[in-house]
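So the structure is just underneath, and the comments pick up after that.
Not measured: the values here are computed from a predicted model. Whatever order the structure lists ligands and atoms in, that order sets their numbers, starting from 1.
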Amino acid sequence: MIVDERIVSYLHSLQSDDSEALMKIEKDAREHFVPIVRKETKELLKVMVLMNQPQKILEIGTAVGYSALYMHQYQPEGGKIVTIERNDKRIMQAKENFEKLDPEGDICLMEGDAIDILKQLDGSYDMIFMDAAKGQYIHFMDEILRLLPVGGILISDNVLQDGDCGKCRFAVERRGRTIHKRMREYLFQITHMKEFETVVLPVGDGVTISVRVG
Ligand code: SAM
């Protein structure tokens with residue numbers, strides 16, 4: 001945990017409840033160790049959606065659909081989400097959850113690896129939430145630049161690897177070093193690209209918020 005555990009618990013205690021159905025999905029996911037967005041990160045997502053009023057959101061990493069359903073409730077009327085997932089078991093659960101909580105079909109689940117699916121997408125998105133395999137973020141960048149116009153927002157989750165990213169390579173356990181290297185490369189890239197202005201926030205497992213500026 002990046003931030004003191006007591007502070008995080010205190011912040012959680014300030015959060016208000018979601019609908020019962022959404023809270024059930026969240027509870028089931030956490031109990032079954034599905035890596036859904038952390039409680040403090042979802043609050044950030046809520047405010048970003050309310051501030052930016054994105055009509056079209058692209059999410060990379062659906063899991064069981066929790067964050068898509070969560071963001072959708074704060075989108076403006078008629079808001080749509082395209083979300084990508086490659087894990088069959090999670091796809092099945094996400095479909096069930098979308099059938100129950102998104103009867104209008106505003107959320108479109110695309111099944112497969114984001115590396116392939118992103119190439120098939122066209123049009124533009126107002127906001128992209130990247131929440132898939134961390135080591136791949138850097139490989140999604142060309143397609144993200146194609147799909148996100150100037151003014152669009154890119155949010156990437158889990159970028160600080162529970163704080164390991166701030167440590168030197170040798171202070172990280174050997175098995176975590178590849179991801180450490182990739183995330184540091186990603187953070188360097190996203191904070192130095194001329195196309196984006198980016199802030200790195202120690203919220204949850206680390207989040208970047210980038211605005212496309214050119
Ligand atoms: N956004 C979800 C939420 O908060 O409810 C959590 C997503 S979870 C952190 C990451 C998900 O991304 C996993 O279910 C995993 O199977 C999926 N994933 C990872 N890499 C992917 C890829 N290259 N293409 C599609 N899905 C991917």
Side-chain angles (χ1 to χ4, degrees), residues 1-2 12 15 18-19 21-49 54 57-75 79-102 106-121 125 127-144 147 153-162 164-165 178-179 182-183 186 201 203-209:
M1 189 165 287
I2 300 166
H12 290 175
Q15 293 183 351
D18 291 315
S19 70
L22 202 56
M23 285 199 300
K24 185 173 178 331
I25 294 174
E26 181 179 14
K27 184 167 171 283
D28 286 351
R30 296 201 196 284
E31 277 175 10
H32 291 94
F33 306 102
V34 178
I36 60 168
V37 67
R38 295 197 190 182
K39 282 179 181 288
E40 53 280 28
T41 310
K42 76 175 187 182
E43 295 275 295
L44 181 65
L45 284 182
K46 168 169 72 181
V47 173
M48 291 304 296
V49 171
I57 297 178
L58 170 63
E59 176 182 68
I60 310 174
T62 317
V64 296
Y66 176 72
S67 52
L69 288 162
Y70 181 82
M71 289 189 286
H72 182 247
Q73 51 183 346
Y74 299 108
Q75 277 184 286
K80 307 271 184 230
I81 298 184
V82 170
T83 180
I84 307 172
E85 176 57 56
R86 66 178 176 189
N87 177 295
D88 291 340
K89 196 169 160 212
R90 292 189 181 152
I91 287 171
M92 262 169 52
Q93 289 172 322
K95 278 183 177 166
E96 274 177 31
N97 291 331
F98 293 151
E99 265 163 34
K100 270 188 253 160
L101 270 76
D102 174 38
D106 289 333
I107 302 175
C108 168
L109 175 61
M110 306 221 33
E111 302 171 31
D113 198 300
I115 288 280
D116 308 315
I117 302 276
L118 285 170
K119 293 192 181 90
Q120 298 164 21
L121 299 178
Y125 292 82
M127 182 178 279
I128 299 181
F129 178 44
M130 189 148 63
D131 194 20
K134 294 182 278 242
Q136 292 186 319
Y137 287 5
I138 212 158
H139 304 304
F140 299 147
M141 195 47 82
D142 285 348
E143 298 303 329
I144 281 171
L147 296 165
I153 311 282
L154 169 64
I155 303 174
S156 329
D157 197 10
N158 307 115
V159 292
L160 289 177
Q161 208 192 350
D162 257 332
D164 275 359
C165 265
T178 303
I179 193 74
R182 291 208 181 139
M183 288 324 286
Y186 177 72
L201 299 173
V203 172
D205 193 21
V207 179
T208 56
I209 298 180

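Partners of Y186 under the ring pair (Phe, Tyr, Trp, His ring centres under 6.0 Å) rule, at least two apart in sequence or in another chain, are Y137. Partners of I179 according to the side-chain contact (heavy atoms from CB on, under 4.5 Å) rule, which considers only residues two or more places apart in sequence or in another chain, are K134, Q161, M183. For E143, the side-chain contact (heavy atoms from CB on, under 4.5 Å) test picks out L118, K119, R146, with sequence neighbours left out.
Between K95 and E85 no salt bridge is recorded (no basic side-chain N to carboxylate O distance below 4.0 Å).
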For ligand 1, what N or O to protein N or O distances fall under 3.5 Å?
{"from": "ligand 1", "atom 1": "1 (N)", "to": "G61", "atom 2": "O", "distance (Å)": "2.8"}
{"from": "ligand 1", "atom 1": "1 (N)", "to": "S67", "atom 2": "OG", "distance (Å)": "2.8"}
{"from": "ligand 1", "atom 1": "1 (N)", "to": "D131", "atom 2": "OD2", "distance (Å)": "2.8"}
{"from": "ligand 1", "atom 1": "4 (O)", "to": "V37", "atom 2": "N", "distance (Å)": "2.7"}
{"from": "ligand 1", "atom 1": "4 (O)", "to": "S67", "atom 2": "OG", "distance (Å)": "3.2"}
{"from": "ligand 1", "atom 1": "5 (O)", "to": "S67", "atom 2": "N", "distance (Å)": "3.0"}
{"from": "ligand 1", "atom 1": "5 (O)", "to": "S67", "atom 2": "OG", "distance (Å)": "3.3"}
{"from": "ligand 1", "atom 1": "14 (O)", "to": "E85", "atom 2": "OE1", "distance (Å)": "2.8"}
{"from": "ligand 1", "atom 1": "14 (O)", "to": "E85", "atom 2": "OE2", "distance (Å)": "3.2"}
{"from": "ligand 1", "atom 1": "14 (O)", "to": "R90", "atom 2": "NH1", "distance (Å)": "2.9"}
{"from": "ligand 1", "atom 1": "16 (O)", "to": "E85", "atom 2": "OE2", "distance (Å)": "2.6"}
{"from": "ligand 1", "atom 1": "20 (N)", "to": "R86", "atom 2": "NH2", "distance (Å)": "3.4"}
{"from": "ligand 1", "atom 1": "20 (N)", "to": "A133", "atom 2": "N", "distance (Å)": "3.2"}
{"from": "ligand 1", "atom 1": "23 (N)", "to": "R86", "atom 2": "NH1", "distance (Å)": "3.4"}
{"from": "ligand 1", "atom 1": "23 (N)", "to": "D113", "atom 2": "OD1", "distance (Å)": "3.0"}
{"from": "ligand 1", "atom 1": "23 (N)", "to": "Q136", "atom 2": "OE1", "distance (Å)": "2.6"}
{"from": "ligand 1", "atom 1": "24 (N)", "to": "A114", "atom 2": "N", "distance (Å)": "2.8"}
{"from": "ligand 1", "atom 1": "26 (N)", "to": "R86", "atom 2": "N", "distance (Å)": "3.4"}

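To the nearest 0.5 Å, atoms CG (L44) and OG1 (T41) are separated by 7.0 Å.
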Salt bridge (charged side-chain N to carboxylate O under 4.0 Å, His left out) between R30 and E26, worked out: CA-CA 6 Å; R30 296 201 196 284; E26 181 179 14; 2.8 Å; yes
